[in-house]
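Just so you know, these numbers come straight off a predicted model, no measurement behind them. Chain letters run A, B, ... following the sequence lines, proteins first, then strands; residues in each count from 1.
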Number of protein chains: 2
Amino acid sequence: MSKILIRAMVLPMTGGDEFFPQGELCIEDDVIVSVGKSGSAPAGFTPDRILELPNDVVMPGLINTHTHAAMTLLRGYADDLPLMPWLNEKVWPFEDKLTDEDIYWGTSLALCEMIRSGTTTMLDMYASMDRVAEAVLQAGTRAVLSRGLIGNGPNGDRALQESIELVRHYQGAGNGRVSVMFGPHAPYTCSGDYLRKVKAEADRFNAGIHIHVAETQDEIKILQEQYGKTPVQWLEDLGLFGGHVVAAHCVHLTPEDMEILARKHVCVAHNPESNMKLNSGTAPVTELRAKGVIVGLGTDGASSNNNLDMFGEMRTAAFLQKLYVNSTALPAYEVLEMATIGGAQTLGLENVGMLAPGFKADLISIDMDQPHFYPRFSIPAHLVYAAHAGDVRTMMVDGKFLMEERKLMSMDEEKVCQEAERRAKRIAGELAVK
Amino acid sequence: MSKILIRAMVLPMTGGDEFFPQGELCIEDDVIVSVGKSGSAPAGFTPDRILELPNDVVMPGLINTHTHAAMTLLRGYADDLPLMPWLNEKVWPFEDKLTDEDIYWGTSLALCEMIRSGTTTMLDMYASMDRVAEAVLQAGTRAVLSRGLIGNGPNGDRALQESIELVRHYQGAGNGRVSVMFGPHAPYTCSGDYLRKVKAEADRFNAGIHIHVAETQDEIKILQEQYGKTPVQWLEDLGLFGGHVVAAHCVHLTPEDMEILARKHVCVAHNPESNMKLNSGTAPVTELRAKGVIVGLGTDGASSNNNLDMFGEMRTAAFLQKLYVNSTALPAYEVLEMATIGGAQTLGLENVGMLAPGFKADLISIDMDQPHFYPRFSIPAHLVYAAHAGDVRTMMVDGKFLMEERKLMSMDEEKVCQEAERRAKRIAGELAVK
């Protein structure tokens, strides 16, 4: 039984303007026992350790609702290209060369970066997901994992079988830190029959579905030609919605699409930086939220971003909606909600995303004693509009410290960086020779 | 006579793909003597100090071509508001309360943040510019200073007189670190007569002009109603162009406006984050650059950004053009050029913005031994798409170290932060009571 008391400024993300400038947070094992102002610790709570962070804001860990973690191996490998040459000549040939072991190390690199930048939980979609699960279990973070399923490819059935194995082995693993969703890639890479099969398996295992939807105009065109429908309408007609579904991107939506997403309680993972960098477009986040759709934030993979920094993503999300709608759109506190409790809801995680009694002890501290955080008029505004990834000092997930004083506790960062470097350069070298 | 040798990865920003993975840089007093690969130091160069930074990239310091430094005092004071209430009810009443001393401390806060985030040079526009000059001279950075001139207000003539004093006292001060421009605020806040007067004074002192141009649709409407012209066309007809002019923002331009800017060699300061946050719009940077217009990058003031982080600004500039044009627009190296040599050209500074023999020793080092910089496929892509303000380890301006190992050398950071906090809260308190 471990008992920890943290004294800091506390932004619990419990709504309204709740904030404790001199706050106290009590943790027992993996669970938050109390959150409040100085002196609010329950009588009889005798901590094994007291952590004093008077110049830090403690808040819930950030939740990255859409990424392809192992793609850190492609960071900086291909930028500033048109979409199709980028995919055909660079990304896909590189990915074809990835071994299970490469994916393990690429994911580990992503996890080092995520811990450093305050992300406690990710929703991932990739291959070799057992090795991804292994990396997550070792790193100590929380994750929802989905095996990416290209139904139209030769490996569609094998990949679906791998998904089933993944659910069987890893659903709830690591004291519940790991959970699993089914990951049909997109409406244009999976046939209707295949998607129905995936949906049946998801229902059988009571698992969610994670899918790319309406990311580009090309996708809209393809679906229109094939089915005479929008991606959202086609997926609804197929019966894919109804359970827990995370639709990533949702850039190009009709008003009717938005009604469907709202009515079917589909959650949206918004990836503003990837959408800008790849010229995909601007997702109608303000309208979606106004209709009651839950929207989380994601970085997408490091090949189209090129980092996994959720602080940057929050900032870009806010700025992009302000440019697209008006200067009052997506105010700071709402962006923080999207990146914390909204992210937890997007991923279907209970007791995560807020600092409140009974919630999981997933938290970060941000070092506010730096010039770019003065004067201290608004902590939410500072976190969204002024903070950067390097401001995170501390991370705890499931009651365990993963970073203190900016030092990683669960990972051999140097080894991870060197392995990732060696493996990525090996692949690039092989491709250059060809 | 001081002689310094730095060993590091060196990205000199001299064009093409010049990069020295194991580089050597020799500095004598305030000037770069040589830049090249390991062993390239001139025979007979005997350094007083050798700085080994094998995991850092050394590059020219970043140049912020448009800011209002003292407005750091308003950081987080007013966000997520419509433009006019933001100005009328928050920004202007706050600014009315600022004393000379407040402006000194607000500028000092900005300079602490700039040094930490790699900005060696700024173009500033504000009031009490003698106190701003004092802050810059103490901090050790480089700056071009302009007294903001609201010609239509009651203090137009006094402010112009202050500009003249500023030129007389500070042009070339601090071994040339400080220079001065005239700063007529905008076409809609200065009459034609006033602008002609300013232009005559700028010519008399051979000084440049720094002015906001075509920032919002409202400005376009006002000028259309008053003069039947666009801001650019009106300024050209007035004769304001011809000398060195920095036009900040330039969001709303006609093709003819762009031709004028190109023909008259007007330089543009592009402020993508401020333009997004205030819903001003997207500047046609790609078209301007295609027409040969020199475009620098700026953060604008901390009230509309809310930091002075040029790494974030580079990233947003690239992403915004990719969203607006296509995924190949504004590639990483070109963004770096805008933030370094392009910034120097925008400000009319010679021998600044590149690492080359004879250039001023204004440089920064970026700590590349971090997970978000692996694998090391492309240093320019990493600096633009993955870096953040906290990655800067070292800064030198005019041959003097202003930061080493992330520790400020020329400023009492703690005192600056506390003074800024106290003064900003005092003003907010006075306004809250009213």
Side-chain angles (χ1 to χ4, degrees), chain A residues 72-73 75-77 79-83 86 109 112-113 116-117 273 275-279 281-282 302 305-309 311-312 315-316 318-320 322-323 325-328 331-332 369-372 374-378 381-382 385-386 388-391 413 416-417 420-421 424-425 428, chain B residues 72-77 79-83 86 109 112-113 116-117 273 275-279 281-282 302 305-309 312 315-316 318-320 322-323 325-328 331-332 369-372 374-378 381-382 385-386 388-391 413 416-417 420-421 424-425 428:
Chain A
T72 52
L73 291 184
R75 191 195 327 263
Y77 175 64
D79 296 291
D80 310 321
L81 296 171
L83 185 69
W86 176 70
L109 179 65
C112 285
E113 183 185 352
R116 285 211 165 276
S117 56
E273 297 197 346
N275 296 160
M276 292 178 83
K277 185 160 187 268
L278 299 181
N279 182 247
T282 303
N305 187 314
N306 296 354
N307 61 30
L308 307 173
D309 170 8
F311 284 96
R315 187 175 164 80
T316 303
F319 285 177
L320 190 54
K322 288 175 195 301
L323 176 67
V325 182
N326 65 51
S327 59
T328 69
D369 197 19
Q370 302 184 83
H372 62 291
Y374 283 96
R376 287 190 186 159
F377 279 123
S378 165
H382 283 3
Y385 302 132
H388 59 69
D391 296 326
E413 195 172 21
V416 169
C417 290
E421 176 78 8
K425 292 285 173 71
Chain B
T72 52
L73 290 184
L74 285 88
R75 188 192 335 258
Y77 176 64
D79 296 292
D80 309 322
L81 297 171
L83 186 69
W86 177 69
L109 180 64
C112 285
E113 184 185 351
R116 285 211 165 277
S117 56
E273 297 198 346
N275 296 159
M276 292 178 83
K277 185 160 187 266
L278 300 180
N279 183 245
T282 302
N305 188 313
N306 296 353
N307 61 30
L308 307 173
D309 169 9
R315 187 174 164 80
T316 303
F319 285 177
L320 191 54
K322 288 175 195 302
L323 177 66
V325 183
N326 65 50
S327 59
T328 69
D369 196 18
Q370 303 184 83
H372 62 291
Y374 283 96
R376 287 190 186 158
F377 279 123
S378 164
H382 284 2
Y385 302 130
H388 59 69
D391 296 326
E413 195 172 21
V416 169
C417 290
E421 176 78 7
K425 292 285 173 74

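With sequence neighbours excluded, no residue forms a ring-ring contact (aromatic ring centres under 6.0 Å, His included) with B:Tyr374. Partners of A:Thr328 by side chain to side chain contact (heavy atoms under 4.5 Å, CB included), not counting sequence neighbours, listed by chain and number: A:Asn326, B:Pro82.
Distance check: B:His388 NE2 to A:Ser117 OG gives 8.0 Å after rounding to the nearest 0.5 Å. Distance check: A:Phe319 CZ to B:Asn279 CG gives 12.5 Å after rounding to the nearest 0.5 Å. Expressed to the nearest 0.5 Å, how far CG of A:Leu308 lies from NE2 of B:His372 amounts to 10.5 Å.
No other option in A:Pro331, A:Ala381, A:Ser378 has as many heavy-atom pairs under 4.5 Å with chain B as A:Pro331. Interface check for chain B: of the options A:Arg116, A:Glu273, A:Glu113, the most heavy-atom pairs under 4.5 Å are formed by A:Glu273. Chain B forms the most heavy-atom pairs under 4.5 Å with one residue out of A:Glu413, A:Gln370, A:Lys277, A:Lys425, and that residue is A:Lys277. Heavy-atom pairs under 4.5 Å with chain B were tallied for A:Asn305, A:Thr316, A:Thr282, A:Asp391; the largest tally goes to A:Asn305.
Each of A:Asp80, A:Asp79, A:Leu278 was scored for a side chain to side chain contact (heavy atoms under 4.5 Å, CB included) with B:Lys322, with one residue passing: A:Asp80.
Of the two parts of A:Arg376, the backbone and the side chain both hold a non-hydrogen atom closer than 4.5 Å to a non-hydrogen atom of chain B. Both the backbone and the side chain of A:Leu109 come within contact range of chain B, with heavy atoms under 4.5 Å apart. Of the atoms belonging to A:Val416, not a single heavy atom falls under 4.5 Å from chain B.
Taking each heavy atom of A:Phe377 and B:Ala428 in turn, the nearest pair found is CE2-CB, 3.5 Å. Minimum interatomic distance between B:Pro375 and A:Ala420 (heavy atoms only, all atoms of both residues): CB-O, 4.4 Å. Of all heavy-atom pairs spanning A:Arg75 and B:Pro371, the tightest one is NH2-O, 3.1 Å.
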